[in-house]
Structure formats: C-alpha cells, structure tokens
Chemist: 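Let me begin by handing over the structure; questions about it come next.
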There are 2 protein chains.
Amino acid sequence: MAANSRLTTAVHALAWMALAGRRGREVMTSEEIAASLATNPVIVRRSLGELRAAGLVASRRGAGWSLTREPEAISVLDVHEALGAEPLFALHPSTPNLECPVGQGIRPVLTEVYAAADAAVRRELADRTIADVLARTLASQETT
Amino acid sequence: MAANSRLTTAVHALAWMALAGRRGREVMTSEEIAASLATNPVIVRRSLGELRAAGLVASRRGAGWSLTREPEAISVLDVHEALGAEPLFALHPSTPNLECPVGQGIRPVLTEVYAAADAAVRRELADRTIADVLARTLASQETT
DNA sequence: CAAACTTGTAACAAGAAATGTTACGATCGG
DNA sequence: CCGATCGTAACATTTCTTGTTACAAGTTTG
C-alpha cells in the first residue's frame, strides 16, 4: 500500500467535480466525492486541501467544494505539483566517502540525471488536462 | 528516509567498480564498495544481488564482485530495471465506485497517462551509461 | 588441509510515508 | 438557532527503505 496513489485520487476527484459541474452541480461535498473514490471523506478533504492551496479548487465550511477553473485549464501536471511532487529518485541517504573520486564527484552528475527524468515526466503530465481525462473516461463507456 | 535512493546506491557502486576495473582491479569486495558509499556491506550485497539477477554483475562466495559488461554497455535504465522499477504512480488503493461514470472508466485512462510518464523516464535513463556517469564524475574533479 | 576471508541470507529494529478511521471545534446555509 | 460540512488533530495499520548483527556456505591462500 506504499505506492503513490495520491495523484489518482486527486485527478479522479477533479474529473468527477468537472462532470458534476457540467450537469449543473457546481458544489460537491467531500462525502459525495469520497463515494466515487470508495474511500473516506477525510482522505478527500486532505487531498483537495492541497489543491486548494495551489488555487485549483475552493471550499467553504458548511458548504462544499468547487473548481476555480475550467477543467480545460487544469493540467495533470498542475495537480502533480499541487500535491508536492516529490523527486522520483533520491541521492545517498548518508554522505558518500569524499576521499573516493566517485564519492566526491558523483552527486552533481546524478542530480542532473534525475532532474532530466523529472522534467520528462512533467512534459508528459503537462500535455493532459482534467477535461481530456474526463472526455476519454466517458468515451470509453459509450463504446461499451 | 523513505525516498528511493536505491538507484543512487547501485549506479555509484557500478561506477566505482568501473573505475577500479580501469585501474586493474577487476574484482572488489562488498566491503570496499560499501566504504565508498559510506554504508553497510550488506546493503551493497543486497543491491548488487539484484543487479546480478539481471546479469549486470557477477559474484563468487569468498571472492568478490565484478562487472560482466563494459561500463559503456550498462545504461542507467538497465540498472533501474534491474532494481525492479516500480511504477511512478499507482491507481486507486481500493476499487473505485463502478456505479459512477468516472469511477467506472477512469482507470484505463490513468493507466495510459502513467505509462506515458514511465516511458518518458525510461527514455531519459536509457541515454546515459555507467561510463558516462563515471566520465562526468571524474571530469568535475579535474576542473576543481 | 587449515585458517582467514567473503558471499548469501535471515532476522530484527528504527524511521518514514500512505491510507484509513474517529473525533471534535469552527463555520456556513436555511 | 440547528444541522450540515469543512479543517484538522490524533492514532492505528501497513509497507518500504535503510541499517545492523549473525551465521552457514563457499573460496582463497599459505
């Protein structure tokens, strides 16, 4: 259970809110969203709370949650970054031996490699929006 | 301490073995490698054990570890895959509500998005070899 | 052959992160 | 005012990573 499903939770919640909004329900409760995700409302509040800090959604106590932008204007990268986007790979847990030529010089090299991998992920996520995800989700069901 | 530094450990170990090999020391002990990483020899044996299963290194009890390929022929992607390359993002921890249109159709869509991100990372890692990493590591020190 | 060395692996501990749950104060809508 | 809902803390559980000790199995060397 240690894998990162936070992006899945957040994108699913936003897609569901976008669909509801299109149907005229602009405000949803964390309980309604949790029902679609089959999880606890607190999980939703925590997740959407991070998105609110990034300006993607808004909430009001006693009321509920709403999108602050059109679904076309929210990329999956926006969501990823709102969630805190941890680096894919980490450097050494403890400083390597600086007496060793490799230990002394490898960290900037790996940092660059990891940054390139990170940038590649971002490029992919930047290309897709919540509207795209929703459209493709619904399209797969018309076919069925 | 939960971030993934396994790739760092393995690439560092291989680069160090490549440098030693170039100096005429083709076989190294886990203790020597651990000294460069500033960690425990068992960590090295576990890490290199996974690389051995992928055919990147060889070992003999009582003897030590050696590369099975030229450093030019080992990409960082090879190492990443040898370590078990977990997906970057996971789908829902528990099956979403299939009564909901989003819950029903979103999983294949997200699977595709995550696969694209994964492929992008692989493309970046495939471009760099242990020889590259070692060369750049040593180059940074000549400058200093 | 015998002694010293090294791998292979199990067992365990500590720490971190994700998920899920309960609880309850704060705030909004009617 | 009252019920609904958010905001958040506290806690349990699970899983992963790193690190450590221990020891059997095999290799090397004298």
Side-chain angles (χ1 to χ4, degrees), chain A residues 1-10 12-13 17 20 25-53 57-66 68 80 83-97, chain B residues 1-10 12-13 17 20 25-53 57-66 68 80 83-97:
Chain A
M1 196 211 298
N4 231 40
S5 62
R6 291 163 71 216
L7 185 60
T8 292
T9 298
H12 181 146
M17 290 171 75
R25 298 224 40 221
E26 308 259 312
V27 177
M28 300 186 81
T29 69
S30 57
E31 192 160 359
E32 288 173 302
I33 299 168
S36 174
L37 281 158
T39 186
N40 194 293
V42 176
I43 300 292
V44 174
R45 285 182 225 145
R46 282 208 283 242
S47 176
L48 293 187
E50 298 187 79
L51 303 189
R52 181 187 48 220
V57 301
S59 67
R60 292 222 318 280
R61 283 181 152 147
W65 300 83
S66 53
T68 56
H80 182 234
L83 294 177
E86 288 173 16
L88 305 178
F89 306 110
L91 292 184
H92 309 70
S94 48
T95 309
N97 184 347
Chain B
M1 198 211 296
N4 232 40
S5 63
R6 292 163 70 217
L7 186 60
T8 292
T9 298
H12 180 147
M17 291 170 76
R25 297 225 42 219
E26 308 259 311
V27 178
M28 298 186 82
T29 69
S30 58
E31 193 161 359
E32 288 173 302
I33 299 167
S36 174
L37 281 158
T39 186
N40 194 294
V42 176
I43 301 292
V44 173
R45 285 182 225 145
R46 282 207 285 243
S47 176
L48 293 188
E50 297 186 80
L51 303 189
R52 181 186 50 220
V57 300
S59 67
R60 292 221 321 279
R61 282 187 152 147
W65 299 84
S66 53
T68 57
H80 182 234
L83 294 176
E86 288 172 17
L88 304 178
F89 306 109
L91 292 183
H92 310 71
S94 48
T95 308
N97 185 347

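What you see is a predicted model; the values in this text were computed from it and never measured. Just so it is clear: chains get the letters A, B, ... in the order the sequence lines come, proteins before strands, and each one is counted from 1.
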Chemist: Mind checking side chain to side chain donor-acceptor pair (under 3.5 Å) for B/Glu50 and listing every partner two or more places apart, or none if nothing turns up?
Modeler: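 Listed in chain order: B/Arg6.
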Chemist: Looking at residues at least two apart in the chain, or sitting in another chain, which of them share a salt bridge (charged side-chain N to carboxylate O under 4.0 Å, His left out) with A/Glu86?
Modeler: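 For A/Glu86 there are no salt bridge (charged side-chain N to carboxylate O under 4.0 Å, His left out) partners, ignoring immediate neighbours.
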Chemist: Sequence neighbours left out, cut at 3.5 Å: what donor-acceptor pairs do the side chains of residues 35-49 of chain B make with other protein atoms?
Modeler:
unit_1  : atom_1 : unit_2  : atom_2 : d
B/Ser36 : OG     : B/His12 : NE2    : 2.7
B/Asn40 : OD1    : B/Val42 : N      : 2.9
B/Arg45 : NE     : B/Ser30 : OG     : 3.2

Chemist: Has A/Ser59 got a side-chain N or O lying under 4.0 Å from the OP1 or OP2 atom of D/dG7?
Modeler: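 Answer yes for this pair, as a side-chain N or O of A/Ser59 is under 4.0 Å from OP1 or OP2.
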Chemist: Could you check how far CD1 of A/Ile33 sits from C1' of D/dG7, rounded to whole Å?
Modeler: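 Going from CD1 in A/Ile33 over to C1' in D/dG7 covers 15 Å.
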Chemist: Distance check, rounded to the nearest 0.5 Å: B/His92 atom NE2 versus B/Thr95 atom OG1?
Modeler: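 It comes to 9.0 Å.
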Chemist: Just compare C/dT7, C/dA18, D/dT8 and give me whichever is closest to any side-chain atom of A/Glu86.
Modeler: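 When the side chain of A/Glu86 is considered, C/dA18 is the closest of C/dT7, C/dA18, D/dT8.
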Chemist: Not counting sequence neighbours, which residues clear salt bridge (charged side-chain N to carboxylate O under 4.0 Å, His left out) with A/Arg60? List them please.
Modeler: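 Checked A/Arg60 against salt bridge (charged side-chain N to carboxylate O under 4.0 Å, His left out); zero matches.
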Chemist: Holding to side-chain contact (heavy atoms from CB on, under 4.5 Å), I want the full list of residues that pass it with A/Ser94, two or more places apart in sequence or in another chain.
Modeler: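 Partners of A/Ser94 by the side-chain contact (heavy atoms from CB on, under 4.5 Å) criterion come out as none, since no residue qualifies.
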Chemist: Which residue, B/Thr39 or A/Met28, contacts DNA chain D at a nucleotide closer to its 5' end, judged by nearest heavy atom?
Modeler: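 It is A/Met28 whose nearest nucleotide is closer to the 5' end.
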Chemist: Which residues satisfy the side chain to side chain donor-acceptor pair (under 3.5 Å) test with A/Ser59, sequence neighbours excluded?
Modeler: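 Applying side chain to side chain donor-acceptor pair (under 3.5 Å) to A/Ser59 gives A/Arg52.
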Chemist: Applying salt bridge (charged side-chain N to carboxylate O under 4.0 Å, His left out), name anything that partners B/Glu26, two or more places apart in sequence or on another chain.
Modeler: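 By the salt bridge (charged side-chain N to carboxylate O under 4.0 Å, His left out) rule, B/Glu26 matches no residue at all.
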Chemist: Heavy-atom contacts under 4.0 Å between residues 40-51 of chain B and DNA chain C, which residues?
Modeler: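 Within residues 40-51 of chain B, the residues near DNA chain C are B/Val42, B/Arg45, B/Arg46.
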Chemist: What protein N or O atoms touch nucleotides 26-30 of chain D N or O atoms at under 3.5 angstrom, if any, and at what distances?
Modeler:
unit_1 : atom_1 : unit_2  : atom_2 : d
D/dT27 : O4'    : B/Arg61 : O      : 2.6
D/dT27 : O3'    : B/Arg60 : NH2    : 3.4
D/dT28 : OP1    : B/Arg60 : NH2    : 2.0

